[in-house]
There are 2 protein chains.
Amino acid sequence: MTVRAPRLSASERRAQLIDVGRRVFAKRGYEAASLEEIADEAKVSRPVVYEHFGGKEGLYAVVIDREMDVIVQRIAAAISGGSPRARVEAAALAFLTYVKEHPEGFAVLTHDAPVSTARGGMSSLLNDVAARVGDIFAASFKSAGYDPKAAPVYAHALVGMVTFVGQWWTETRRPSVEEVASHIAALAWMGLRHLPKRPTRLKSRPT
Amino acid sequence: MTVRAPRLSASERRAQLIDVGRRVFAKRGYEAASLEEIADEAKVSRPVVYEHFGGKEGLYAVVIDREMDVIVQRIAAAISGGSPRARVEAAALAFLTYVKEHPEGFAVLTHDAPVSTARGGMSSLLNDVAARVGDIFAASFKSAGYDPKAAPVYAHALVGMVTFVGQWWTETRRPSVEEVASHIAALAWMGLRHLPKRPTRLKSRPT
DNA sequence: CGTGTAACTTACGTTCGTGTAGGTACGCGT
DNA sequence: ACGCGTACCTACACGAACGTAAGTTACACG
């Protein structure tokens, strides 16, 4: 017969289900994932999942929440001190390190979220980050004689840089995150430092 | 009774269904979208969709294909001539203009694709683009004394910049795509021009 | 004015996934 | 050894989609 899996305590089972759930959501995305697959992989029947999380959305919410916490913590710690330049690099490194150590969590965050939730995991987080960065930029821009309206553009550009490279890195896993982070930071930093006061518009309008 | 919708020719209906399908896929993502909603919105019953596209995947494939064509065409045209610097800006502008004029198409491409397809719409396209850019960089890097291994990092960083800004722009729709493109191009260009030969590693390793 | 073809529909079978009701068995404490 | 609570399971009701079969309506054309 099918070998009976060992009985677990409530909190152990909970932890395990979060783990399995993250893996399955990472692989399939929210919609395509089924509680059945999750339950099977945890060697448990579906009602157990309902008991603990109330359903698919419940589990998903917990997974997302946990993952957000992890990544926010790391980035917050990274930008807590040092020169501006160092903070840029530290933030990139923190993000990439997260991607390296929690590939499944990262995958879950990048996948589509259910329609019900007010804008899914990553996009909301990244927009928050970008907005913050944008505010900082806007202040610096003002005092340096740049157009503050352009600040959000640069902020989002930076965030996009890091996230996209992160996604690519999960596939190649090379070069090391430290190298990648330093390259990205260099690109961003040098780009920002040598920004013209008012970028030259090269073409007026295409067709 | 429900008002009878006018009868359409095969090709007209086909075109209409592609249009509606794009809109619905953009709104819901592939998995969450239902043929029923698409058929309803087109004032037609479901079998019609099967007749024309063989099913959900078929319609989706056509929508994706069409959209890819559009965007590839535009970018190809944009980088066909001019100084390197001008090409960077033109490519960014072309992409952002596409985002502006085809927000639903862009949304479809960024959403998750069905698991069956070999890596969904956008990611595959962007990776292609990034790979091409990376090759060009690698060549330039070699002859300029930079580490060619870093080329893909910069390539992906650039692509990520543009796409993420594009996503953000769909929400704010300001400033104009021309301004945004010139800012992005400036950031990218200045960053690349002032790249140190070998980026200084600032921190050795965090805990 | 019939008649055939293309466009379209209603109706059904089937699968799959969610969520719940009620029962079983493991194992800890006394 | 004997409860007794907690972990867990089987079984079912339900609905949402997909996909198909067979019939029906509109319209062009001889």
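In what follows, chains are A, B, ... by sequence order, proteins preceding strands, each numbered from 1.
When the C1' atom of dG19(D) is taken as reference, atom CD of Glu57(B) falls 13 Å away, rounded to whole Å. Atom CZ of Phe53(A) and atom C1' of dG19(C) are 16 Å apart (whole Å). Between the NZ atom of Lys56(B) and the P atom of dT20(D) there is a distance of 15 Å, rounded to whole Å. What separates CD of Glu51(B) from P of dA21(D) is a distance of 12 Å, to the nearest Å. In this structure, the CG atom of Asp40(A) is 14 Å from the P atom of dC16(C), given to the nearest Å. Between Arg14(B) atom CZ and dA6(C) atom P there is a gap of 16 Å when expressed in whole angstrom units. Atom pair Leu17(A):CG and dC8(D):C1' shows a separation of 12 Å (rounding to whole Å applied). His52(A) has its NE2 atom 16 Å from the P atom of dG19(C), to the nearest Å.
Between Tyr98(A) and Phe106(A), the two ring planes are perpendicular [angle over 60°; tilted spans 30° to 60°]. Classification of the Tyr60(A)-Phe25(A) ring pair by plane angle, with boundaries at 30° and 60°, yields perpendicular.
Across all strands shown, Glu36(B) has heavy atoms under 4.0 Å from sugar-phosphate atoms exclusively, and none from any base. When heavy atoms are screened at a 4.0 angstrom cut-off, Val48(B) is found touching base atoms of the nucleic acid. Contacts of Ser45(A) with the nucleic acid, taken as non-hydrogen atoms under 4.0 Å apart, include base atoms.
Phosphate proximity of dT20(D) to Arg46(B): absent, as no side-chain N or O sits under 4.0 Å from OP1 or OP2.
Checking dC8(D), dC9(D), dC8(C) against every side-chain atom of Leu8(A), the shortest atom distance belongs to dC8(D). Picking from dG19(C), dG17(C), dC8(D) the nucleotide with the shortest atom distance to the side chain of Tyr50(A) gives dG19(C).
Side-chain contact between Gln16(A) and Glu12(A): absent, with no pair of heavy atoms (C-beta onward) separated by less than 4.5 Å.
Side-chain N/O atoms of Arg7(A) and base N/O atoms of dG27(C) include no donor-acceptor pair closer than 3.5 Å.
Within a 6.0 Å sphere centred on CD of Glu51(B), other residues, nucleotides and ligands contribute 12 heavy atoms or fewer.
For the residue pair Ala157(B) and Leu187(A), the shortest heavy atom distance occurs at CB-CD2, 3.9 Å.
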